[in-house]
Q: 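This structure is in structure tokens; I'll ask about it shortly.
Keep in mind the model is a prediction, meaning the values are calculated, not measured. Order of appearance sets the numbers: ligands from 1, and atoms from 1 within every ligand.
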Amino acid sequence: MSTRIDDNPVIKQALPTIKDRSGRTVGSEELELLREVIESGTLAYIYGDKVRRFEQEFVGLMGAESAVAVSSGTAALHTAVIYLDPDPGDEILVSPLTDMGTVIPILYQQAVPVFVDVDPETQNMDPEKMEECITDRTRAVLVTHLHGIPADMDPILEVARRHGLFVIEDAAQAHLAEYHGGFVGSLGNLGCFSLQQSKHITTGDGGMVISSEDRRFGRELRLCFDKGWPRQNPVRDHLFLAPNYHMTELQAAVGLAQLGKYGPALEARRRSGRQLLEKLAGCDPVTPLRTYPDTSSVFFAYVFRLNLDMLGADGASIVAALHGEGLPCELGYPGEIPLYLYPMIRERKTFGTSGWPFDSPAARKRWRYEPGLCPVAERACRETVVIPWNEGLASEHVDLIHRAVVKVVDHFRK
Ligand SMILES: Cc1ncc(COP(=O)(O)O)c(C=O)c1O
């Protein structure tokens, strides 16, 4: 929805977007490597070397021992959950504010997502709320670093260690974000990344899992997305249930070229993000999300909370007015409700009419998700503005975004 304050919107031209080259750095380097793949005639990863090279170079940057490349961020997370190999009905802690791709893998493995409320200032999982969600069925915690801002990993790892939980990091939106001297994704047991079009580098769709401890559960990570098939064995075999989530050589060619662009892309996102932080510093009705001390954001999005009392309006009206000023933005993330209130989960639209895993006889109880489950997250969805960010945003765009936000805030401010 869009509403106009007047006939003179601040932003009259489209801002750079991740949807095309205005906000993405893709060009001759990618083309050259793609040409190599096409000319070789080897498009599949099992016969080529581009995916292997992409994995090695990626993990070299991230600070783990090994990496496996897959077809999406959701596939990366699913690979991680397959590696963990939960029993049906086992429980996995997760944030209610993340992409549905974080939860889908849990459901496909017949495990149950247990939603831990968030810290109101960072909107990442609140470590203080974890303990009350842990039972004798809890196997793991899946931590999302939302909007490019690291979750508070030290206390999360501490609770996980005390309860023997496996830690999967969802760094889909936080490539190379730093937390206390390390990169997110390398702090837990497995780190998962998305390489979809909007991410810090992209292969169109794609994903990566990084690890420093292959075979912890007696299964090799690579088999978890390759039909459980140890291809090096002379006789064909399938050791356990697993899908095919291969990345192709074509995607890896693009990915290899994109690796060279991480530095400038992150620098550009950080520069413009910090500029807007400075410009909006005195604007009381909007508060940016906080980053914990000794951590840094990589600005997947620019996100601020609205003080609705000061503004005397609801979030939807503010966002509609921002749209009226020409600013693309959303109310809340993943939307105006947290994940557990979407029909897939709340109405158990999973496997036929079974209602599994929520109603599975293997679960500890019948799982139901109602409003009020995570009040901080629910409120965040109603009071948060998410502006998509990208490396094409320059100072003049930041000026326009700043002016649009101030105009709308001044219009509503009581
Ligand atoms: C936090 C988070 N987790 C998981 C995913 C899933 O990644 P993909 O869309 O590549 O499957 C995304 C993608 O947007 C994401 O932002």
Q: Judged by modelled atom types alone, do Thr384 and Gln123 share a side-chain donor-acceptor pair under 3.5 Å?
A: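 Checked: Thr384/Gln123 side chains pair up, N/O donor to acceptor below 3.5 Å.
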Q: Does a salt bridge link Asp399 with Lys279, judged by any charged N lying under 4.0 Å from a carboxylate O?
A: yes
Q: Below 3.5 angstrom, do we get any N/O pair linking Gln196 and ligand 1?
A: no
Q: Before we go on, tell me: are the rings of Phe193 and Phe58 under 6.0 Å apart, centre to centre?
A: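 Centroid distance Phe193-Phe58: below 6.0 Å, so yes.
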Q: Go through the side-chain N and O atoms of Glu169 and His145 and say whether any donor and acceptor fall under 3.5 Å apart.
A: yes
Q: Any salt bridge linking Glu131 with Arg162? Criterion: basic side-chain nitrogen under 4.0 Å from a carboxylate oxygen.
A: yes
Q: State the atoms of ligand 1, each with its element, that fall below the 4.0 Å cut-off from a heavy-atom position in Tyr333.
A: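 With Tyr333 as reference, the close atoms of ligand 1 come out as 16 (O).
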Q: Nearest protein heavy atom to atom 15 (C) of ligand 1, by residue and atom, and its distance?
A: Asp99 CB, 3.3 Å
Q: If I apply the N/O under 3.5 Å rule, does Gly73 come out as touching ligand 1?
A: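 Yes, at least one N or O pair falls under 3.5 Å.
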Q: Check each heavy atom of Leu146 against ligand 1 and say whether those closer than 4.0 Å belong to the side chain, the backbone, both or neither.
A: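 Neither; nothing of Leu146 gets under 4.0 Å from ligand 1.
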Q: Determine whether the side chain, the backbone, both or neither of Phe193 has a heavy atom under 4.0 Å from any heavy atom of ligand 1.
A: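 Within the 4.0 Å criterion, Phe193 makes no contact with ligand 1.
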Q: Do the non-hydrogen side-chain atoms of Gln275 and His402 ever get within less than 4.5 Å of each other?
A: no
Q: Tell me whether the NZ or CZ atom of Arg219 lies within the 45° cone about the ring axis of Phe240 and under 6.0 Å from its centre.
A: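 Yes, cation above the ring, under 6.0 Å and within 45°.
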Q: When the aromatic ring centroids of Phe300 and His147 are compared, is their separation below 6.0 Å?
A: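 No, ring centres 6.0 Å or more apart.
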Q: Which atoms of ligand 1 are found less than 4.0 Å from any heavy atom of Ala172?
A: 1 (C), 2 (C), 3 (N), 4 (C), 12 (C), 15 (C)
Q: Can a non-hydrogen atom of Leu195 be found less than 4.0 Å from any atom of ligand 1?
A: no
Q: Among Ser194, Gly101, Cys192, whose heavy atom sits nearest atom 9 (O) of ligand 1?
A: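 Going through Ser194, Gly101, Cys192 one by one, Ser194 has the nearest heavy atom to atom 9 (O) of ligand 1.
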Q: Under 3.5 Å, N or O to N or O, is Lys199 touching ligand 1 that way?
A: yes
Q: Report the nearest protein non-hydrogen atom to atom 16 (O) of ligand 1: residue, atom name, distance rounded to 0.1 Å.
A: Gln173 NE2, 2.8 Å
Q: Residue-level breakdown please: for Asp170 versus ligand 1, do any non-hydrogen atoms fall below 4.0 Å on the side chain, on the backbone, on both, or on neither?
A: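 Side chain only; the backbone of Asp170 stays clear of ligand 1.
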Q: Sequence neighbours excluded, which residues qualify as ring pair (Phe, Tyr, Trp, His ring centres under 6.0 Å) partners of Trp356?
A: none
Q: Going by the atom numbers of ligand 1, which of them fall below 4.0 Å from some non-hydrogen atom of Leu77?
A: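 Per the distance check, 4 (C).
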Q: Among Leu277, Asn390, Ile387, which residue satisfies the side-chain contact (heavy atoms from CB on, under 4.5 Å) criterion with Phe299?
A: Leu277
Q: I'd like to check which ligand 1 atoms, numbered from 1 as shown, lie under 4.0 Å from a non-hydrogen atom of Thr102.
A: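 In order of numbering, the contacting atoms are 3 (N), 4 (C).
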Q: Can you name the atoms of ligand 1, numbered from 1 with element, that are less than 4.0 Å from a heavy atom of Thr144?
A: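 Per the distance check, 1 (C).
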Q: Which ligand 1 atoms does Thr98 reach within 4.0 Å, using its non-hydrogen atoms?
A: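 Atoms satisfying the 4.0 Å criterion: 1 (C).
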Q: Give a yes or no on whether a salt bridge exists between Glu213 and Arg216, defined as a side-chain N under 4.0 angstrom from a carboxylate O.
A: yes
Q: State the atoms of ligand 1, each with its element, that fall below the 4.0 Å cut-off from a heavy-atom position in Ser72.
A: 10 (O), 11 (O)
Q: Starting from atom 11 (O) of ligand 1, locate the nearest protein heavy atom and write down its residue, its atom name and how far away it is, to 0.1 Å.
A: Thr74 OG1, 2.6 Å
